[in-house]
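Please read the structure below before turning to the comments.
Note on naming: letters A, B, ... go to the chains in the order of the sequence lines (proteins, then strands), and numbering restarts at 1 for each one. Everything numeric in this text was worked out from a predicted model, so none of it was measured.
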Amino acid sequence: MALRFFNTYSRELEEFAPRDSSSRKIDMYTCGPTVYSRAHIGNFRAYIFEDLLQRHLEARGYEVHRVMNLTDVDDKTIRGARTARMPLSQFTEQFKDAFFKDCEALRIKPANEYPSATDQRYIDKMIAMISALIDKGLAYQAEDKSVYYRIKSFPNYGKLAHFNLDELQSTGRVKNDEYDKEHIGDFALWKAWDEEDGDVKWNSPWGPGRPGWHIECSAMATDLLGNEIDIHCGGVDNIFPHHEAEIAQSEGVTGKKFVRYWVHCEHLLVDGQKMAKSLGNFYTLSDVLAKGYTGRETRYALLRVNYRKPLNFTWDGMDEARESLGRIDGWLRRLRETAGDKIDNNKIDMQLGQEFENALDDNLNISGALGFLFETIRDTNRAMDRGELDAAQASAWLNWWKRVNQTLDLEPKTESEIPAEVSKLTDERAQARLAKDFRKSDELRDRIAALGWEVRDSKDGQKLTRRAGG
RNA sequence: GGCGGGGUAGCCAAGUGGUAAGGCCGAGGUCUGCAAAACCUCUAUUCGCGGGUUCGAUUCCCGCCCCCGCCUCCA
């Protein structure tokens, strides 16, 4: 099956073909966090989806060049820095650091670049783009000194969101203090400095001020990836106005088709409602880790539903993730035991189980792909139960897993070291069992369990497993 | 009001014009001193509701209901 994705622009499933058909290189731009506080796991659902998308494209032989921006200047960052009595850059730095730590814990592959909006290189680019837009009559400076995009002059404005400009309704969420605009839909490209901004300002042909939110992405994307890019991702809430504005800005300047495939991730919900800082119903990764779950478990929980479906976050869902991973872990352990010295760690099997990738080809059908994984697990477990899977076959399935895991990245990183205390109790238990003292054996099993380890008795003696986590 | 997403078992969730993958939970069984893990069996005559097309629809068409989101801060 051909690789295909749902393109927000056309509202259709489209077969994927890179811009440059002669090479395997793809340019991908992904909207990153605004670093005014910790990102919440709803934000990370989008980043994990993008990670899966990148990894699957790579599995299909594409070389992905991905950029993720960091919005480090806007109303919220400025307000936060003021409240914290810190320079803006120092204030945002802590949240950039936290963001990268969280990404690592969630095993999100790093982007090739993480440009910051406040980088002078991009401020210059933004100013150049705004100047070009003014020259073309697509932007104007209003009496409040700010520069706005003249959406009525860009015929395609509204095409991505499928909005009719005349029917835009104010939801009252944003305070309407920009009275100087020609059209209520005109958005700020350059915000004139005011007292609230303190020392946050850059010089421009229109006076001191700072960039509007949308222009940074147009500037960074075109600067780092070129005027035309293959894939642009984000959450569905970015469709309008953010991505609509990006198209207007980028295409307004370059005259080129900015993005070939717009791919948007649905929301993570809590109690059936969007997880959002403004609603206060959000969890950060730290919150989840504090409950005893791991980054790997969180990754699985956020990964397991197709990106186009709203996903309701629950602690039951986290438990399910834990149990499902436990099934995978147990299977891997067993395959390794069966494979013994036939294990070939350097090999990646490219033949077995193509159904996994085939499912992902279909608009990242992760449920179908995981379904196939679990069917494979049951089939091979059954074969091992019956002694019908030899070491070479077990090794082959491990090499298959290696391929699958390049996309999923769900393998426990390392088998935990067995603590001396656990080891000592296990030895005692072996003695007790030798003496058929089952009462003592069971008591020791409980004590080992209390230390977080599970002990199972097999033909080859006791087997220890770290309970949960990884 | 406009534009989208969703409604499949107790929960999560695939999927197809021909009669419902997979995961979690639960019950029974094999194995075990007992467990655990694994395996086996069972768990939706039914896919929001009502029409229509069809030999046949959960899947296509029409109409409706409910939940969620976007409509200029948002992943």
Side-chain angles (χ1 to χ4, degrees), chain A residues 8 11 30-34 36 39-50 71 74-76 151 158 161-171 173-176 178 181 184-188 212-214 233-242 244-245 264-269 272-279 300-301 304-306 308-312 314 316-317 319-327 330-331 333-334 359 362 365-375 377-378 381-386 433 436 438-439 441-442 445 449 454-459 463 465:
Chain A
T8 307
R11 298 279 151 89
T30 49
C31 282
T34 301
Y36 71 106
H40 59 66
I41 56 173
N43 302 127
F44 283 110
R45 183 195 185 188
Y47 308 139
I48 287 173
F49 140 68
E50 289 154 3
T71 300
D74 79 323
D75 290 351
K76 284 173 292 197
I151 61 169
H162 294 217
F163 280 169
N164 179 344
L165 300 188
D166 300 324
E167 290 170 354
L168 288 183
Q169 268 185 16
S170 173
T171 52
R173 287 199 312 177
V174 173
K175 97 183 145 161
N176 196 3
E178 293 164 341
K181 297 190 289 187
I184 54 154
D186 287 353
F187 55 89
W213 173 39
H214 315 300
C233 302
V236 288
D237 49 1
N238 274 161
I239 296 171
F240 195 89
H242 187 53
E244 194 73 63
H264 291 98
C265 180
E266 261 294 340
H267 287 303
L268 186 67
L269 310 177
Q273 285 205 308
K274 173 181 165 182
M275 180 176 289
K277 291 184 181 159
S278 55
L279 294 171
Y300 184 90
R304 62 197 236 274
V305 174
N306 180 260
R308 293 243 302 151
K309 279 207 156 197
L311 168 59
N312 201 21
T314 61
D316 283 349
D319 289 338
E320 183 187 326
R322 169 170 292 177
E323 295 305 321
S324 302
L325 287 171
R327 188 161 163 77
W331 173 66
R333 238 179 275 122
R334 206 171 164 195
D362 185 14
N365 182 354
I366 187 68
S367 301
L370 289 174
F372 177 71
L373 168 64
F374 285 107
E375 281 176 25
I377 288 175
R378 192 186 28 173
N381 271 336
R382 185 195 292 134
M384 284 188 278
D385 272 4
R386 294 175 179 170
R433 295 182 63 72
K436 300 267 187 227
F438 293 119
R439 177 187 289 260
S441 166
D442 291 351
R445 181 165 61 195
E454 184 175 85
V455 61
R456 293 179 288 126
D457 301 305
S458 75
K459 286 194 288 287
K463 295 267 165 68
T465 317

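At a threshold of 4.0 angstrom between heavy atoms, the contacts of A/Ser441 include nucleobase atoms, whether or not backbone atoms are also involved. A/Asn365 comes within 4.0 angstrom of sugar-phosphate atoms only, judged by non-hydrogen atoms across all strands, and of no base. Contacts of A/His40 with the nucleic acid, taken as non-hydrogen atoms under 4.0 Å apart, include base atoms. Counting any heavy atom pair closer than 4.0 Å across all strands shown, A/Gly330 reaches no nucleic acid atom. Using a 4.0 Å heavy-atom distance criterion, A/Met384 is classed as making no nucleic acid contact. At the heavy-atom level, A/Arg304 lies under 4.0 Å from the strands shown only through sugar-phosphate atoms. Contacts of A/Ala161 with the nucleic acid, taken as non-hydrogen atoms under 4.0 Å apart, involve only primed sugar atoms and P, OP1 or OP2. Across all strands, A/Ile239 comes closer than 4.0 Å to no nucleic acid atom at all (heavy-atom distances). A/His162 comes within 4.0 angstrom of sugar-phosphate atoms only, judged by non-hydrogen atoms across all strands, and of no base. Contact annotation for A/Asp319: no contact, since no heavy-atom pair falls under 4.0 Å across all strands. Across all strands, A/Gly317 comes closer than 4.0 Å to no nucleic acid atom at all (heavy-atom distances). At a threshold of 4.0 angstrom between heavy atoms, the contacts of A/Leu373 with the nucleic acid are absent. Within 4.0 Å (heavy atoms only), A/Arg445 reaches at least one base atom of the nucleic acid.
Listed nucleotides B/C24, B/G22, B/A35 differ in distance to A/Glu320; the shortest reach to its side chain belongs to B/C24. You'll find that the side chain of A/Gln273 is closest to B/C68, out of B/C68, B/A35, B/G4. Ranking B/C39, B/G23, B/C70 by closeness to the A/Asn381 side chain, first place goes to B/C39. For A/Asp385, counting side-chain heavy atoms from C-beta on, the closest listed nucleotide (B/G69, B/A37, B/C39) is B/C39. Across B/A36, B/A14, B/C3, the shortest atom-to-atom separation from the side chain of A/Lys309 is found for B/A14. Taking every side-chain heavy atom of A/Asp362 into account, B/G15 is the closest of B/G5, B/C24, B/G15. Relative to the side chain of A/Pro310, the nucleotides B/A35, B/G4, B/G5 differ in distance, and B/G5 lies closest. Here the nucleotide nearest the side chain of A/Val236, chosen from B/G69, B/C24, B/C71, is B/G69. Of the candidates B/C68, B/G33, B/A37, B/A37 carries the atom nearest the A/Arg456 side chain, counting heavy atoms from C-beta on. Residue A/Asp442 places its side chain closer to B/C34 than to any other of B/A37, B/C34, B/G22.
B/C67 and B/C39: their C1' atoms are spaced 40 Å apart (whole Å). Annotation: B/A20 and B/G15 have their C1' atoms spaced 8 Å apart (nearest Å). When the P atom is used for both B/C25 and B/A37, the distance is 9 Å, rounded to whole Å. A distance of about 11 Å separates the P atoms of B/C12 and B/G7, rounded to the whole Å. The separation of B/A57 from B/G17, taken at their P atoms, amounts to 14 Å, rounded to a whole angstrom. Taking atom P in both B/G2 and B/C64, the straight-line distance is 12 Å, to the nearest Å. Atom name P, nucleotides B/A44 and B/A9: the rounded distance is 11 Å, in whole Å.
In this model, the phosphate group of B/C39 is approached by a side-chain N or O of A/Arg327 to a distance below 4.0 Å at OP1 or OP2. Close to B/U72, at under 4.0 Å from its OP1 or OP2, lies no side-chain N or O of A/Lys181. One finds no side-chain N or O of A/Lys459 lying less than 4.0 angstrom from the OP1 or OP2 phosphate oxygen of B/U32.
In this structure, A/Phe240 places its CZ atom 7 Å from C1' of B/C71, rounding to the nearest Å. Atom CZ in A/Phe163 sits roughly 7 Å away from atom P in B/C71 (whole-Å rounding). Computed from coordinates, the A/Arg382 CZ to B/U41 C1' distance equals 13 Å when rounded to whole Å. The NE2 atom of A/His264 sits 13 Å away from the C1' atom of B/G5 (whole-angstrom rounding).
In this structure A/Asp442 satisfies the salt bridge (Lys or Arg N to Asp or Glu O under 4.0 Å) test together with A/Arg445, sequence neighbours excluded. When the side chain to side chain contact (heavy atoms under 4.5 Å, CB included) test is applied to A/Asp385, the partners found at least two apart in sequence or on another chain are A/Arg334. Remark: A/Asn312 engages A/Leu269, A/Thr314 in a side chain to side chain contact (heavy atoms under 4.5 Å, CB included) (not counting sequence neighbours). Partners of A/Asp75 by side chain to side chain contact (heavy atoms under 4.5 Å, CB included), not counting sequence neighbours, listed by chain and number: A/Arg79, A/Lys191, A/Arg210. Taking A/Pro241 as the reference, A/His214 meet the side chain to side chain contact (heavy atoms under 4.5 Å, CB included) condition, with sequence neighbours excluded.
In this structure, A/Phe438 counts as stacked on the base of B/G33 under the 5.5 Å centre distance and 30° plane angle limits.
A cation-pi geometry, defined here as NZ or CZ lying under 6.0 Å from the six-membered ring centre and within 45° of its normal, holds between A/Lys277 and A/Tyr36.
A salt bridge links A/Glu320 with A/Arg304: the distance from a Lys NZ or Arg NE/NH1/NH2 to an Asp or Glu carboxylate oxygen falls below 4.0 Å. Here A/Asp457 does not pair with A/Lys463 in a salt bridge; the nearest charged N to carboxylate O distance is not below 4.0 Å.
A/Lys309 places none of its side-chain heavy atoms less than 4.5 Å from the side chain of A/Glu266. Side-chain contact between A/Trp331 and A/Asn381 is present, with heavy atoms from C-beta onward closer than 4.5 Å.
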Polar atom pairs between nucleotides 19-21 of chain B and protein, under 3.5 Å, N or O only, would you list them?
unit_1 : atom_1 : unit_2   : atom_2 : d
B/A21  : O2'    : A/Glu375 : OE2    : 2.3
B/A21  : N1     : A/Ser367 : O      : 3.3

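Where A/Val305 and A/Thr34 meet RNA chain B, the nucleotide closest to each residue was compared, and A/Val305 sits on the side nearer the 5' end. Where A/Lys76 and A/Arg334 meet RNA chain B, the nucleotide closest to each residue was compared, and A/Arg334 sits on the side nearer the 5' end.
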